[in-house]
Amino acid sequence: MNDILQEELKDPEFRQGYEYYLRAGEAAVAVYQLRKSLGLSQAELAKRAGKAKSTIARIENGNLAPRLDTLQDIANGVGKEAKIVFI
């Protein structure tokens, strides 16, 4: 981590935003990989999850850090379970 980022992370508001976008990025990769591994389009995944296609697109673009219930709906829609891991 560079010195500028380390300094910025001392600001609680900056840290909160930074961590939000890190989680959004992780969710984006996870949902995209899940969808691709099942050979589904965004529209197909959205339908199975009971969500709007735009929700899936926003998650995959990293513009939305999904709530836990949204991740559970996505997982349940394809016969999977969402797993939360604390590191």
Side-chain angles (χ1 to χ4, degrees):
M1 207 178 302
N2 67 39
D3 293 339
I4 296 171
L5 180 57
Q6 285 181 344
E7 189 62 33
E8 291 289 343
L9 288 171
K10 292 178 183 177
D11 175 2
E13 189 174 329
F14 179 88
R15 179 182 281 287
Q16 183 179 7
Y18 179 80
E19 289 175 353
Y20 174 89
Y21 285 105
L22 283 179
R23 300 296 82 79
E26 290 171 352
V29 170
V31 171
Y32 175 81
Q33 288 178 338
L34 172 69
R35 182 175 65 77
K36 285 299 195 178
S37 74
L38 297 171
L40 299 174
S41 68
Q42 288 180 342
E44 291 168 328
L45 180 58
K47 183 176 181 179
R48 290 183 183 203
K51 302 294 176 191
K53 179 189 173 292
S54 62
T55 299
I56 302 302
R58 290 176 60 215
I59 292 169
E60 288 187 5
N61 289 331
N63 295 325
L64 175 66
R67 296 176 3 176
L68 177 57
D69 62 328
T70 299
L71 292 174
Q72 289 174 322
D73 289 343
I74 291 169
N76 292 339
V78 296
K80 304 275 185 187
E81 293 183 17
K83 180 178 179 181
I84 305 302
V85 177
F86 293 96
I87 55 171

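Note on E44 versus R48: no salt bridge recorded, every NZ/NE/NH1/NH2 to OD/OE distance being 4.0 Å or above.
Of all non-hydrogen atoms in P66 and A27, the two that sit nearest each other are CD-CB, 3.5 Å. Pairing each heavy atom of A24 with each of G62, the nearest pair is CB-O, 3.7 Å.
Environment of OH in Y21: sparse, with no more than 12 heavy atoms of neighbouring residues, nucleotides or ligands closer than 6.0 Å. For K51, the NZ atom counts as densely surrounded, since its 6.0 Å shell holds more than 12 non-hydrogen atoms of other residues, nucleotides or ligands.
Residues passing the salt bridge (Lys or Arg N to Asp or Glu O under 4.0 Å) test with E26 are R23, sequence neighbours excluded.
Atom NZ of K10 and atom CZ of R15 lie 10.5 Å apart (nearest 0.5 Å). Here I59 contributes atom CD1 and R67 contributes atom CZ; the two are 11.0 Å apart, rounded to the nearest 0.5 Å. Going from atom CD of Q72 over to atom CG of L68 covers 4.0 Å, rounded to the nearest 0.5 Å. To the nearest 0.5 Å, atom OG of residue S41 and atom CZ of residue R35 are 7.0 Å apart.
Placement of L22 and L9 within a single hydrophobic cluster is found when ILVMFWY residues are connected by side-chain heavy-atom separations under 4.5 Å, directly or transitively. L71 and Y32 end up in different hydrophobic clusters when Ile, Leu, Val, Met, Phe, Trp and Tyr side chains are linked at under 4.5 Å. In terms of hydrophobic clustering, with Ile, Leu, Val, Met, Phe, Trp and Tyr side chains grouped at heavy-atom distances under 4.5 Å, I74 and L38 are assigned to a common cluster.
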Exercise. Would T70 and L64 count as a side-chain contact (heavy atoms from CB on, under 4.5 Å) if you check the C-alpha gap in whole Å, the side-chain angles of each, and the deciding distance to 0.1 Å?
Worked result: CA-CA 11 Å; T70 299; L64 175 66; over 6 Å; no
